[in-house]
Amino acid sequence: MNSLRDDIEGLFWEGVRAATPKFLSLDFWNKHSKLNEEIRNSRKKTYVFALGKAAYEMALSFQETFPVDSGFILTKYEYLPNEIKSKGQLGVWKCREAAHPVPDINTELYSREVFTELQDLDESHQLIILLSGGGSSLFEIPEDGFDLYDIIQMNENLLKKGLSIHEINAERKKYSAVKAGKLLKHLNPNLKVYTFAISDVLGDDPAVIASGPTYPGSEYYVMGNLSVSLAAMKKKAVSLGYEVKILSDSWDLTSEETAKSMLVEVVLAKGNQHKQAILLGGELVCPVYGNGKGGRNQETALRMAILSESIEIDRDWLFLSSGTDGTDGPTDAAGGIVGPETLKQMRRNGWDVEKELNVSNSYPILKDTNSLLFTGATGTNVNDLLVLLLAERNL
């Protein structure tokens with residue numbers, strides 16, 4: 001029989017698998033056969049610009065379906081295989097990495113490199129844009145009157161405030177020469193442009209995904225989002241014998257509010273002796289209060305561990321909060337997993353958990369208790385997935 005740890009990690013990975021470009025592409029192109037034929041049968045040369053944390057996997061998946069004459073992959077550091085990163089080339093693809101969530105010198109350098117190539121395209125080409133979360137930081141050319149330093153400072157200040165991605169991207173667009181559809185204004189007006197996105201944005205607003213470099217103005221399609229992941233997770237949880245409840249696929253509350261909501265679910269479950277899985281997807285909000293190390297998912301997990309002490313829980317339980325891209329904040333962890341013994345272990349190890357929480361220092365304390373989830377780059381990004389598992393209660 002699987003342990004709760006096996007089950008909770010298995011459910012998370014099922015959500016990730018369902019949102020991978022390869023899986024999404026099969027379903028999408030089966031449903032869009034006419035569009036498939038239109039792109040495939042075009043006599044124009046195909047140039048593909050893949051941007052974001054899922055750029056590498058999206059590029060390869062697209063090439064499995066369509067011929068590609070030339071392409072450019074721009075993704076986050078450590079998201080390309082090492083052998084490709086060192087060469088900077090994979091067949092017809094130029095492969096580059098830059099910084100996330102705050103741009104750096106390579107962001108502008110490689111953005112200008114691909115920008116030049118895009119400007120050379122004419123009506124004999126068709127341009128395919130493959131977008132995923134993280135593109136706002138990875139693709140940036142400053143608007144007139146601003147420089148890279150201005151953009152770095154702006155991003156750092158916004159991220160510390162714990163704002164939503166809608167609020168952050170709205171401000172980013174003011175500084176950018178390529179966001180909010182501005183990229184298209186620099187390209188040949190007769191160029192046919194298609195955009196295919198994997199959404200990490202609540203509501204799938206194309207103006208917000210990667211800050212909309214080709215929206216408005218291109219033929220735009222969303223290939224997948226959190227709803228796809230949650231549906232796959234529910235199906236798997238049912239197969240494992242759980243009663244399943246999906247709280248939301250568009251959650252946007254703070255880490256503190258989220259942990260409190262999950263604790264409420266524990267209380268509500270007291271009248272039900274059966275195994276239960278509570279699933280949640282969205283974009284957690286987490287203001288930064290100190291110079292600690294951590295991320296919004298790690299902080300949510302730590303808060304859940306702390307709050308669990310306030311009530312009597314009549315069964316074994318486990319809680320996971322993780323980013324589907326494999327990174328949570330400026331750390332190498334995807335998120336955190338906590339259970340009934342986590343807080344006790346933290347205190348036995350000498351941690352003042354409330355003090356660490358107050359300076360946004362969740363990573364070290366979770367790492368010390370083997371409560372971090374490490375996945376590496378997953379090849380996709382549809383935002384945050386949270387799972388609360390409650391074991392069957394003994395009568």
Side-chain angles (χ1 to χ4, degrees), residues 8 11-19 24 52-54 101 132-136 158-159 161-170 197-211 222-234 237 244-266 268 277-288 294-304 307 319-329 333-338 362 373 375 378 380-389:
I8 207 165
L11 289 174
F12 171 74
W13 278 111
E14 180 64 12
V16 169
R17 182 197 66 81
L24 292 174
K53 296 178 185 177
S132 56
S136 292
L158 292 175
L159 290 169
K161 293 179 180 179
L163 302 175
S164 72
I165 195 63
H166 290 75
E167 294 170 308
I168 291 174
N169 283 359
I198 294 178
S199 174
D200 68 331
V201 170
L202 307 186
D204 302 335
D205 186 348
V208 182
I209 301 170
S211 295
V222 174
M223 302 181 73
N225 54 27
L226 266 175
S227 297
V228 176
S229 292
L230 288 168
M233 294 167 72
K234 179 179 180 179
V244 182
K245 180 179 181 180
I246 297 179
L247 287 186
S248 175
D249 64 357
S250 55
W251 193 265
D252 62 354
L253 299 183
T254 65
S255 294
E256 182 176 7
E257 293 169 312
T258 302
K260 289 178 179 178
S261 295
M262 283 297 185
L263 197 68
V264 169
E265 293 300 318
V266 175
L268 293 175
I278 292 89
L279 310 179
L280 176 63
E283 180 186 38
L284 301 175
V285 177
C286 185
V288 178
R296 62 197 187 199
N297 287 286
Q298 293 163 59
E299 179 159 323
T300 303
L302 180 56
R303 287 185 180 279
M304 182 64 180
L307 287 175
F319 174 71
L320 174 150
S321 184
S322 182
T324 52
D325 60 342
T327 53
D328 181 40
I337 302 177
V338 298
S362 54
L373 177 64
T375 65
T378 63
T380 192
N381 181 24
V382 290
N383 229 312
D384 302 323
L385 288 173
L386 290 74
V387 183
L388 172 63
L389 294 186

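One is the number of the first residue; the rest follow in order along the sequence.
Taking CG from L268 and NZ from K245, the interatomic distance works out to 5.5 Å, rounded to the nearest 0.5 Å. The distance from atom CG of L263 to atom OG1 of T258, rounded to the nearest 0.5 Å, is 12.5 Å. From I8, atom CD1 reaches atom CG of L389 across 4.0 Å, with rounding to the nearest 0.5 Å. From K234, atom NZ reaches atom CG of L279 across 9.0 Å, with rounding to the nearest 0.5 Å. Between the CG atom of L11 and the CG atom of L386 there is a distance of 12.5 Å, given to the nearest 0.5 Å. In this structure, the separation between NE2 on H166 and CG on L202 is 6.5 Å, given to the nearest 0.5 Å.
Between V201 and N169 the shortest side-chain heavy-atom distance does not fall below 4.5 Å. Using a 4.5 Å cut-off on side-chain heavy atoms (C-beta onward), W251 and D384 make no contact. By the 4.5 Å heavy-atom criterion applied to side chains, M304 and V266 are counted as neighbours. The closest side-chain heavy-atom distance from L385 to S322 is not below 4.5 Å.
Among all heavy-atom pairs drawn from S321 and L284, the shortest one is OG-CD1, 3.6 Å. In terms of heavy-atom proximity, T324 sits nearest to V382 at OG1-N, 2.8 Å. For the pair G294 and S362, the tightest heavy-atom approach, listed with the atom from each and the gap, is CA-OG, 3.5 Å. In terms of heavy-atom proximity, Q298 sits nearest to D328 at N-OD2, 2.9 Å. Residues R303 and A259 come closest through the heavy atom pair CB-CB, 3.7 Å. In terms of heavy atoms, T300 sits closest to S255 at OG1-OG, 3.0 Å.
In summary, R296 and E299 do not engage in a salt bridge, as defined by a charged side-chain N under 4.0 Å from a carboxylate O.
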Would N297 and L373 count as a side chain to side chain contact (heavy atoms under 4.5 Å, CB included) if you check the C-alpha gap in whole Å, the side-chain angles of each, and the deciding distance to 0.1 Å? CA-CA 10 Å; N297 287 286; L373 177 64; over 6 Å; no
For the pair D200 and K53, evaluate side chain to side chain contact (heavy atoms under 4.5 Å, CB included) and give the outcome as yes or no after the intermediate values. CA-CA 10 Å; D200 68 331; K53 296 178 185 177; over 6 Å; no
Please step through side chain to side chain contact (heavy atoms under 4.5 Å, CB included) for the pair W13 and T375, ending with a clear verdict. CA-CA 9 Å; W13 278 111; T375 65; 3.5 Å; yes
Where do L253 and K260 land on the side chain to side chain contact (heavy atoms under 4.5 Å, CB included) test, with the steps shown first? CA-CA 11 Å; L253 299 183; K260 289 178 179 178; over 6 Å; no
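Evaluated for a side-chain contact (heavy atoms from CB on, under 4.5 Å) with V222, the options D204, D205, I198, L24 yield exactly one hit, D204.
For the residue pair D249/S227, the side-chain donor-acceptor check at 3.5 Å is satisfied. No side-chain N or O of N225 forms a donor-acceptor pair with one of S199 less than 3.5 Å apart.
Put simply, the side chain of T380 gets close to the backbone of A19: a donor and an acceptor are under 3.5 Å apart.
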